[in-house]
Protein chains: 2
Amino acid sequence: MAEPTRPDLAAMIVPLGRSLMAAEQPILAAHDLTMWEYVVLTALSTEPVRTQAALADAVGADKTRIIPVLDGLQRRGLLTREPDPADRRVRLLALTPQGRRLRDTTRTAIQRNEERVLRLLPAADRRVLLRALRTLADLPRDTFLPET
Amino acid sequence: MAEPTRPDLAAMIVPLGRSLMAAEQPILAAHDLTMWEYVVLTALSTEPVRTQAALADAVGADKTRIIPVLDGLQRRGLLTREPDPADRRVRLLALTPQGRRLRDTTRTAIQRNEERVLRLLPAADRRVLLRALRTLADLPRDTFLPET
DNA sequence: GCACATCGTAAGCACATGCATATCAATGAA
DNA sequence: TTCATTGATATGCATGTGCTTACGATGTGC
């Protein structure tokens with residue numbers, strides 16, 4: 001039984017994710033956003049989803065738990081919910097200009113902090129890392145599940 | 001305000017971590033281990049820690065919540081706890097041969113599955129990704145916190 | 001028209017987590 | 001010697017999460 005040559009991928013990524021989330025927290029607080037609020041603001045501009053349930057699925061949230069998040073964002077004028085004329089069950093979500101601005105300023109602050117950390121890596125490694133992460137992050141979730 | 005050229009690092013890493021944890025779950029179950037049990041088994045062979053509290057900190061666990069995990073592992077003969085003669089408050093932890101074997105077979109299965117996913121990346125990217133992740137994962141947690 | 005599915009919404013339950021508190025035993029410093 | 005600190009342990013509380021159930025409104029297919 002040979003010694004493994006690397007740590008588990010999960011063992012590196014999961015704690016790293018925790019550290020990054022912890023790092024985001026003060027930035028989000030300074031922008032008066034919770035994590036899920038920010039996730040929704042970000043997803044609404046990058047994911048072409050039609051239904052709230054699809055949005056929840058896309059961002060890994062629970063569709064029932066996301067309702068109060070959407071309520072809050074709507075109440076603050078950061079997003080709108082309009083019935084879809086093609087299917088009156090559906091509420092179409094859209095960012096307001098205010099929502100877009102808040103998303104952008106928050107994202108800028110978050111990414112600035114991330115760049116500070118990423119600069120600890122060589123530039124070429126940085127580019128590859130981001131490219132590879134993007135590829136992995138875009139994989140369907142069940143890609144990772146073990147085969148039976 | 002220019003469009004960002006990349007997703008947030010956290011926005012890629014955190015869901016990826018979730019997917020990897022979900023993928024691990026059936027493998028751990030097949031080896032009769034919980035996630036924290038496996039984390040402890042793995043950490044005991046790679047982290048030179050003396051106290052249980054230090055182990056908990058090293059693996060991002062709560063020192064009080066880790067006690068029942070250690071109890072269970074000890075009861076199953078996977079690890080031993082002996083008083084440290086140099087400081088009788090401390091319980092020195094060590095894997096048994098059985099614990100080492102279980103850790104190894106589990107890790108092999110987990111990494112085999114991870115390799116299957118990693119092979120979706122070009123080989124050179126794979127190497128850089130793992131190297132970069134290792135670097136980032138080894139950073140002290142407060143490296144990531146924003147500067148005041 | 002009817003049975004079934006879907007969407008949004010609310011709420012319940014079990015469990016995990018982060019943090020705090022408390023206790024006992026042991027250690028180290030003043 | 002006294003007191004503060006440390007290590008292990010147990011437990012409580014608040015919060016978050018995953019999943020489930022249920023409901024009303026709407027849509028689809030037969």
Side-chain angles (χ1 to χ4, degrees), chain A residues 14-15 17-19 21-26 28-29 33-40 43-44 47 49-75 79-94 141-142 145, chain B residues 14-15 17-19 21-26 28-29 33-40 44 47-75 79-94 141-142 145:
Chain A
V14 172
R18 285 203 196 103
S19 298
M21 276 200 292
E24 277 194 13
Q25 193 36 57
L28 292 174
L33 286 172
T34 67
M35 187 196 79
W36 284 116
E37 283 171 343
Y38 176 65
V39 167
V40 166
L44 277 181
E47 302 283 337
V49 291
R50 247 190 79 244
T51 67
Q52 288 177 195
L55 172 72
D57 189 59
V59 302
D62 181 295
K63 73 176 180 184
T64 66
R65 302 291 182 209
I66 213 173
I67 304 294
V69 177
L70 296 175
D71 289 344
L73 291 173
Q74 183 178 18
R75 189 174 51 245
L79 67 75
T80 57
R81 296 195 207 166
E82 307 294 344
D84 181 352
D87 180 348
R88 298 213 316 296
R89 295 172 301 183
V90 172
R91 311 285 268 317
L92 295 176
L93 305 172
R141 242 170 265 150
D142 55 12
L145 293 177
Chain B
V14 172
R18 284 200 198 107
S19 299
M21 275 199 291
E24 276 193 13
Q25 193 36 55
L28 293 175
L33 287 173
T34 67
M35 188 194 82
W36 285 117
E37 283 171 342
Y38 175 66
V39 167
V40 167
L44 278 182
E47 303 282 337
V49 291
R50 246 192 78 245
T51 67
Q52 290 178 192
L55 171 73
D57 189 63
V59 300
D62 184 293
K63 73 177 175 182
T64 65
R65 303 294 185 206
I66 213 173
I67 303 294
V69 176
L70 297 176
D71 289 346
L73 292 173
Q74 183 178 19
R75 191 172 51 242
L79 69 76
T80 57
R81 295 193 208 166
E82 307 293 343
D84 181 353
D87 179 348
R88 300 211 316 290
R89 295 171 302 184
V90 172
R91 312 288 266 324
L92 294 175
L93 305 171
R141 242 169 264 151
D142 56 12
L145 293 177

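Just so it is clear, the structure is predicted and the values come from calculations on it, not from any experiment. A, B, ... follow the sequence lines: proteins, then strands. Residue 1 opens every chain.
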For A:Pro68 and B:Met35, find the nucleotide of DNA chain C closest to each by heavy atoms; which residue's nucleotide sits nearer the 5' end? A:Pro68

When we call it a touch if two heavy atoms are under 4.0 Å apart, what does A:Arg81 touch: a base, just sugar-phosphate, or nothing? sugar-phosphate

If you measure from CG on A:Asp84 to CZ on A:Arg89, what distance do you get to the nearest 0.5 Å? 10.0 Å

Rounded to whole angstrom units, what separation is found between the CD atom of B:Glu82 and the C1' atom of D:dA8? 15 Å

Could you tell me which non-hydrogen atom of A:Ala56 sits nearest to which non-hydrogen atom of A:Asp62, and how far apart they are? CB-C, 4.1 Å

Pick the nucleotide of DNA chain C nearest each of B:Trp36 and B:Pro85; which residue has the one closer to the 5' end? B:Trp36

Any idea which heavy atoms bring A:Pro26 and A:Ala23 closest together, and the distance? CD-O, 3.3 Å

A:Arg18 atom CZ is separated from D:dG16 atom P, nearest whole Å, by 17 Å

Tell me the interatomic distance from B:Leu70, atom CG, to D:dA10, atom P, rounded to whole angstroms. 11 Å

Give the nucleotide from the list D:dT17, C:dA5, D:dT9 with an atom nearest to the side chain of A:Arg89. C:dA5

Return the value, rounded to whole Å, for the distance between atom CG of B:Asp57 and atom P of D:dG7. 11 Å

Side-chain atoms of B:Lys63 come closest, of D:dT9, C:dA10, D:dG7, to D:dT9

Of all the nucleotides listed (D:dA8, D:dG27, C:dC19), which has the minimum atom distance to the side chain of B:Gln52? D:dA8

Side chain of A:Val90: nearest nucleotide among C:dG8, D:dA8, D:dA10? C:dG8

Heavy-atom nearest nucleotide on DNA chain D for A:Asp62 versus B:Ile67: which residue maps closer to 5'? B:Ile67

State which of C:dA26, D:dA8, C:dA10 makes the closest approach to the side chain of B:Arg91. D:dA8

Separation of B:Gln52 CD from B:Asp57 CG (nearest 0.5 Å): 13.5 Å

Whole-Å gap separating C1' (D:dT6) and CG (B:Asp87): 8 Å

Spacing of A:Ile66 atom CD1 relative to C:dG8 atom C1', expressed in whole Å: 12 Å

Calculate, to the nearest 0.5 Å, the distance between atoms CZ and CG belonging to A:Arg81 and A:Leu92 respectively. 12.0 Å

Is there a donor and acceptor pair closer than 3.5 Å between the side chain of A:Thr64 and the base of C:dA11? yes

Checking C:dT27, C:dT17, D:dA10 against the side chain of B:Arg88 (C-beta onward), the nearest is C:dT27

